[in-house]
Each structure stands twice: as structure tokens, then as C-alpha cells.
Amino acid sequence: TERVITAKQRGLINARANDASLDPRVLAGIILFASGGDPRAFDTDDEAEDFVNRALQRLPAKLMDDVLKGIADATPGEAA
């Protein structure tokens with residue numbers, strides 16, 4: 001079976017997303033994109049946050065770098 005990310009890695013993703021002030025809907029979109037999923041519209045931030053929590057519980061370790069890159073790319077002002 002494929003290895004999923006650890007609790008420590010989930011914490012790193014959440015910390016980077018918080019540092020970047022990313023909205024849960026944006027983080028959900030990054031995870032969906034990294035995992036090859038179809039884009040989704042979430043009705044509320046809570047719905048997106050629930051999705052993020054479930055997705056991170058089963059995120060394959062091989063996608064960790066893609067998610068972190070997506071967070072960095074989505075961070076406003078990083079290129080300035």
C-alpha cells in the first residue's frame with residue numbers, strides 16, 4: 001500500500017497554509033490539484049476545512065512536495 005503523510009507532515013502543511021493566510025477553499029483547491037482531482041466549489045469555509053482534514057489524512061507522501069509548492073505559489077507577495 002502507498003504510504004500516506006505523517007501527522008508531523010500534516011502539521012507542516014497546515015502551518016505553511018496558516019503562515020500564508022490561505023483560505024481553506026484555496027488549500028482544498030491546492031490539494032485537489034496536486035492529487036489530480038477535479039476542481040470543487042465549497043459552499044462554506046467549514047465544508048472546505050472538513051475536506052482538507054479528510055484529504056490530509058489520506059494524502060500520499062509522494063504528493064507532499066506538490067502541496068507545499070502549491071502553498072508557496074499561492075502565497076501573495078512572495079515574488080516581490
Check your understanding: For the atom pair CG (Leu63) and NZ (Lys69), what is the distance rounded to the nearest 0.5 Å?
Key -> 14.5 Å
Review point. For residues 1-31, which residue pairs qualify under ring pair (Phe, Tyr, Trp, His ring centres under 6.0 Å), counting only residues two or more places apart or in two chains?
Key: none
Would you tabulate the side-chain donor-acceptor contacts of residues 28-43 under 3.5 Å, counting partners in other chains and residues two or more places apart, or write 'none'?
from: Ser35; atom 1: OG; to: Ile31; atom 2: O; distance (Å): 2.9
from: Ser35; atom 1: OG; to: Leu32; atom 2: O; distance (Å): 3.2

Revision key, fill the gap. CG of Asp73 to CG of Leu68, rounded to nearest 0.5 Å, is 11.0 Å
Exercise for review: Please indicate whether Arg10 has more than 12 foreign heavy atoms, meaning atoms of other residues, nucleotides or ligands, lying under 6.0 Å from its CZ.
Suggested key: yes
Check your understanding: Just how far is it from atom CD1 of Ile13 to atom NZ of Lys8, taken to the nearest 0.5 Å?
Key -> 13.5 Å
Exercise for review: Could you note down all residue pairs passing side-chain hydrogen bond (donor to acceptor under 3.5 Å, both in side chains) where residues 45-63 supplies at least one of them, sequence neighbours left out?
Suggested key: Glu2-Lys62, Arg25-Asp45
**Study point:** Ala17 to Leu27 - nearest heavy-atom pair and separation
**Key:** CB-CD2, 3.8 Å
**Study point:** With Thr6 via side chain to side chain donor-acceptor pair (under 3.5 Å) - residues at least two apart
**Key:** Gln9
Exercise for review: Output every pair passing ring pair (Phe, Tyr, Trp, His ring centres under 6.0 Å) with a member in residues 55-74, not counting sequence neighbours, ordered by first then second residue.
Suggested key: none
**Study point:** Heavy-atom closest pair, residues Ala20 and Ile71
**Key:** CB-CG2, 4.3 Å
Check your understanding: Can you check side-chain contact (heavy atoms from CB on, under 4.5 Å) on Leu12 and Ile5, steps first, answer last?
Key -> CA-CA 10 Å; Leu12 176 63; Ile5 63 172; over 6 Å; no
Review point. Do Val67 and Met64 share a hydrophobic cluster (ILVMFWY, side-chain heavy atoms under 4.5 Å, transitive)?
Key: yes
